[in-house]
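Accompanying notes for the structure given below.
Each chain gets a letter, A, B and so on, in the order its sequence line appears, and its residues count up from 1.
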Amino acid sequence: MITKLQQHYSYLFEENLLQEIANVSIYKKFKEDDIIIDVNSYMVAIPLIISGAIKILREDKDGDELVLYYIEKGDTCAMTLSCCMGETKSKIKAVAETDGTLLMIPKNKMSEWLSKYKSWQEYILQSYHSRLNEFIDAVDSIAFLNMNDRLLKYLKDKAMVIGNDVLNVTHLQIANDLHTSRVVISRLLKALEKQSKIELRRNQIKILEL
DNA sequence: ACATTAAGTGATT
DNA sequence: AATCACTTAATGT
């Protein structure tokens, strides 16, 4: 496992820290659509993603969802970090976008390393920084962008995290992620197809140019 | 052949 | 942009 760590994280962390991570963390595999973190769950460990992608979404009391952003290898979940610090419940839900693997780091270690390792401290800070930016983007797209632009961003993000421009999703799934109705998505997608930006098939969308 | 699910469309608010 | 009502197309049993 230490070798896998070195492959993906050696550019981020010093050798001692890598070794310590390897010693205390738990290696986990996850499959597409697995729920990594659910709302209102207490965090006992923070995830460090080795491979695959996870989407972070907000869920209201009716179970309506809204995708905030994606995290990939080398990322961690800033929400979890803040939950670990404050002993609060998770306010978000994390669902696996693809199959992948991650490390769970016990939360007591995470604060211990903050003072012990400079690289860890920088990583956590930088992680907060980038998540906050993505969060602002998400807010922007809801507040200022029309549905068409949100859909474009969604398709782009999705293609990027799975590293493929053929997406296997239904219009209904997209509608749920963007918190709108299927009919709206179908119409917008149809319009995009007419502009030769995408190609539509059942359960599949191929991205030509965005 | 029939049922189910995904997608397309016009009309209305 | 959302909702309704309805049609059409694809897919599974």
Side-chain angles (χ1 to χ4, degrees), chain A residues 28-41 47 49 51-73 75 77-79 82 89-102 129-210:
Chain A
K28 279 198 173 165
K29 287 184 180 162
F30 56 85
K31 291 207 285 288
E32 191 176 337
D33 292 332
D34 278 358
I35 294 173
I36 314 285
I37 299 168
D38 210 342
V39 273
N40 291 330
S41 58
I49 302 184
S51 64
I54 293 174
K55 73 178 165 193
I56 304 299
L57 38 89
R58 187 88 232 259
E59 191 179 62
D60 71 10
K61 52 231 175 268
D62 303 325
D64 286 333
E65 300 178 339
L66 177 64
V67 172
L68 294 176
Y69 51 78
Y70 293 91
I71 55 178
E72 301 176 80
K73 63 171 178 292
D75 290 334
C77 174
M79 191 64 220
S82 79
K89 289 179 183 176
S90 170
K91 295 191 169 77
I92 50 93
K93 187 175 173 185
V95 180
E97 179 69 22
T98 65
D99 293 358
T101 52
L102 56 76
H129 176 73
S130 59
R131 281 326 118 194
L132 189 58
N133 274 337
E134 299 222 34
F135 183 70
I136 298 291
D137 278 353
V139 172
D140 276 355
S141 82
I142 297 162
F144 305 123
L145 267 49
N146 55 34
M147 199 37 95
N148 187 52
D149 289 339
R150 287 179 63 197
L151 178 60
L152 284 171
K153 177 169 156 45
Y154 176 87
L155 294 173
K156 261 187 272 183
D157 284 352
K158 190 143 184 143
M160 193 176 57
V161 295
I162 65 173
N164 192 164
D165 49 14
V166 177
L167 311 175
N168 290 308
V169 274
T170 67
H171 299 183
L172 182 63
Q173 288 168 340
I174 299 175
N176 288 335
D177 281 350
L178 295 180
H179 200 233
T180 179
S181 68
R182 194 226 89 214
V183 193
V184 172
I185 296 300
S186 290
R187 289 211 163 100
L188 291 172
L189 285 173
K190 198 78 206 152
L192 287 175
E193 189 183 35
K194 283 208 180 100
Q195 298 163 37
S196 306
K197 290 188 174 178
I198 57 172
E199 226 173 86
L200 296 174
R201 263 164 236 158
R202 180 178 238 241
N203 291 319
Q204 183 167 265
I205 297 168
K206 181 175 184 180
I207 294 170
L208 303 174
E209 53 157 316
L210 284 179

What donor-acceptor contacts under 3.5 angstrom involve side-chain atoms of residues 169-177 of chain A, with partners at least two apart or in another chain?
| unit_1 | atom_1 | unit_2 | atom_2 | d |
| --- | --- | --- | --- | --- |
| A:Thr170 | OG1 | A:Leu172 | N | 3.4 |
| A:Thr170 | OG1 | A:Gln173 | N | 3.1 |
| A:His171 | ND1 | A:Ser186 | OG | 2.9 |
| A:Gln173 | OE1 | A:Thr170 | N | 3.0 |
| A:Asn176 | ND2 | A:Leu172 | O | 3.4 |
| A:Asp177 | OD1 | A:Lys55 | NZ | 3.2 |
| A:Asp177 | OD2 | A:Lys55 | NZ | 3.0 |
| A:Asp177 | OD2 | A:Tyr154 | OH | 2.6 |

Report the residues that fulfil side chain to side chain donor-acceptor pair (under 3.5 Å) with A:His129, sequence neighbours left out, ordered by chain and then residue number. A:Asn133
Taking only residues two or more places apart in sequence or in another chain, which ones pass side chain to side chain donor-acceptor pair (under 3.5 Å) with A:Glu72? none
What residues, two or more places apart in sequence or in another chain, satisfy side chain to side chain contact (heavy atoms under 4.5 Å, CB included) together with [X]?
X        : answer
A:Val183 : A:Ser181, A:Arg187
A:Asp137 : none
A:Asp140 : A:Ile136, A:Phe144

Using a cut-off of strictly less than 4.0 Å between a heavy atom of the residue and any atom of DNA chain B, enumerate the qualifying residues of residues 173-180 of chain A by number. none
Please report, to 0.1 Å, the donor-acceptor pairs under 3.5 Å made by any side chain of residues 200-208 of chain A, with sequence neighbours excluded.
| unit_1 | atom_1 | unit_2 | atom_2 | d |
| --- | --- | --- | --- | --- |
| A:Arg201 | NH2 | A:Glu199 | OE1 | 2.7 |

Hits for salt bridge (Lys or Arg N to Asp or Glu O under 4.0 Å) against A:Lys28, two or more places apart or cross-chain, chain-then-number order -> none
Indicate for each nucleotide in nucleotides 4-13 of chain B, in 5' to 3' sequence, whether protein heavy atoms under 4.0 Å reach the base (B), only the sugar-phosphate (S), or nothing (-). -BBBBBBB--
What bend angle does the helix from B:dA1-C:dT13 to B:dT13-C:dA1 show across its length, from five-pair end axes and to the nearest 10 degrees? 10°
Side chain to side chain donor-acceptor pair (under 3.5 Å) pairs, two or more places apart, involving residues 142-153 of chain A: A:Lys153-A:Asp157
For the backbone of A:Thr101 and the side chain of A:Ser51, can you confirm whether one donor and one acceptor N or O come within less than 3.5 Å of each other? yes
